[in-house]
Amino acid sequence: MTRIGVVTFPGTLDDRDAARAVRLAGAEPVALWHADADLRGVDAVVLPGGFSYGDYLRAGAISRFAPVMGEVVEAAGKGMPVLGICNGFQVLTEAHLLPGSMIKNDHLHFVCREQVLAVESTETAWTGEYQPGERITIPLKNQDGQYVADERTLDELEGEGRVVFRYEDTNPNGSRRGIAGISNARGNVVGLMPHPEHAVEAGFGPDGARGPRSGTDGLRFFTSVMRALVS
Amino acid sequence: MPKPEILDPQGKAVAGALPRLGFGQFTAVRQGKRFELEVDGPVTPEVLAAAAEAATQVLSNPVIEDVVRVADSEADAAATISSGNLA
């Protein structure tokens, strides 16, 4: 069975939901601890959301130096799929696995909403089961969600097809070019601000076509990586 | 400090509040961070160099922030290292 690690840092909030999403997708979640330089033989890693180290210094800045992150960076370099969600995305940028950074939302408010995204790349380990251009709805909840990078980096990301998700209908935080998620060049490392792990089970997700809270658009992140690992 | 080209939402919010409190002469505000590091013993050039290294590698994120000053705060005319010399 595919084993997917979920890292817990001090201040991580969404590790249980991420593990639950992994299980609902049909894989085995494996709890990974920030202080252990050990990935326990997992096939992929999820860095979940929250406020690791209270976002002190900068979001994700201290977590980057956790013992487990050395292992994650090394494994990512060898092609292991890594998904950073919200605070996990911030950790990936601080660890230089993904370019750019996140700063405070342009309107200064905490955002919590059901967000429509366009899936712009299905070439990554985490998006293979989506259709190019597909619109999906998953929750967005953050304070420091404004994606920024210099113009050259943004041009490079767009030119190489590494903008994986873009905000649709509205730009909720002032992110450059409406970018919600990106990947590395190889496509095994993906980071995004919205939360796929909160939209994996009917009854607990965003409102969907089949009724209130029926949305499960996030589930295919996890089935995508299972397929990518098999092929 | 946030890089000049990076939007500083906190500074903008402060800039919006100042005129309401009667400080109408300020046209813009940018908000940064100041870290005070302590050592046992004197602040040698080596200590300052280590502080500069920590400033660029950990305390700031070069994607969004510039290190504008690393100095011995107790020596008034402290050696100032411009951010350009830190890389």
Side-chain angles (χ1 to χ4, degrees), chain A residues 52-66 69-70 73 87 89-111 142-157 171-179 182 184 191, chain B residues 1-21 23-24 26-39 47-71 73 81-87:
Chain A
S52 59
Y53 292 93
D55 275 356
Y56 296 157
L57 189 57
R58 296 175 304 279
I62 299 179
S63 303
R64 167 200 164 190
F65 296 102
M69 282 308 297
V73 170
N87 193 227
F89 184 16
Q90 293 158 341
V91 174
L92 290 178
T93 62
E94 287 285 343
H96 309 307
L97 284 176
L98 293 173
S101 185
M102 253 66 62
I103 64 172
K104 208 162 285 297
N105 294 338
D106 58 351
H107 45 72
L108 292 170
H109 299 288
F110 189 91
V111 172
N142 62 65
Q143 174 87 49
D144 290 1
Q146 181 182 173
Y147 180 74
V148 296
D150 60 47
E151 290 297 311
R152 195 171 55 87
T153 303
L154 294 169
D155 290 343
E156 204 174 283
L157 285 171
N171 185 336
N173 47 32
S175 288
R176 296 294 174 281
R177 307 192 192 181
I179 291 173
I182 57 174
N184 65 348
Chain B
M1 288 297 292
K3 283 182 180 295
E5 66 271 24
I6 297 285
L7 174 72
D8 175 15
Q10 293 181 103
K12 272 181 72 175
V14 176
L18 285 178
R20 294 200 293 273
L21 299 169
F23 299 103
F26 303 111
T27 54
V29 177
R30 295 183 73 74
Q31 180 177 329
K33 289 176 188 158
R34 171 188 165 118
F35 296 87
E36 296 188 347
L37 287 68
E38 294 185 15
V39 289
V47 166
L48 272 181
E53 201 179 330
T56 50
Q57 291 186 7
V58 184
L59 303 181
S60 72
N61 178 344
V63 175
I64 51 174
E65 296 164 317
D66 288 324
V67 178
V68 292
R69 190 161 185 263
V70 179
S73 60
I81 303 173
S82 74
S83 59
N85 294 335
L86 295 171

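Every chain is numbered from 1, with letters handed out A, B, ... down the list of sequences.
Contacts of Lys12(B) with chain A are absent, with no heavy-atom separation under 4.5 Å from either backbone or side chain. Ile64(B) touches chain A through its side chain: at least one heavy atom from C-beta onward sits under 4.5 Å away, while N, CA, C and O do not. Using a 4.5 Å cut-off between heavy atoms, Asn105(A) contacts chain B through its backbone alone, with no side-chain atom that close. Only the side chain of Glu65(B) comes within contact range of chain A, judged by heavy atoms closer than 4.5 Å. If you measure heavy-atom distances from Leu108(A) to chain B, the contacts under 4.5 Å come from the side chain alone.
Summarising the local packing, CZ of Phe23(B) is surrounded by 12 or fewer heavy atoms from other residues, nucleotides or ligands at distances under 6.0 Å. Residue Phe35(B) qualifies as enclosed at atom CZ: its count of foreign heavy atoms under 6.0 Å is above 12.
Each of Ala13(B), Pro2(B), Ser60(B) has some count of heavy-atom pairs under 4.5 Å with chain A, and the biggest count is that of Ser60(B). When each of Thr93(A), Ile62(A), Asp106(A) is checked for heavy-atom pairs under 4.5 Å with chain B, Asp106(A) comes out on top.
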| query | Going through the checks in order, is the side chain to side chain contact (heavy atoms under 4.5 Å, CB included) test met by Leu7(B) and Gln146(A)? | reply | CA-CA 10 Å; Leu7(B) 174 72; Gln146(A) 181 182 173; 3.7 Å; yes
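Between Arg58(A) and the choices Asn61(B), Leu59(B), Val58(B), the side-chain contact (heavy atoms from CB on, under 4.5 Å) rule is met once, by Asn61(B).
At least one side-chain heavy atom of Ile103(A) sits under 4.5 Å from a side-chain heavy atom of Ile6(B).
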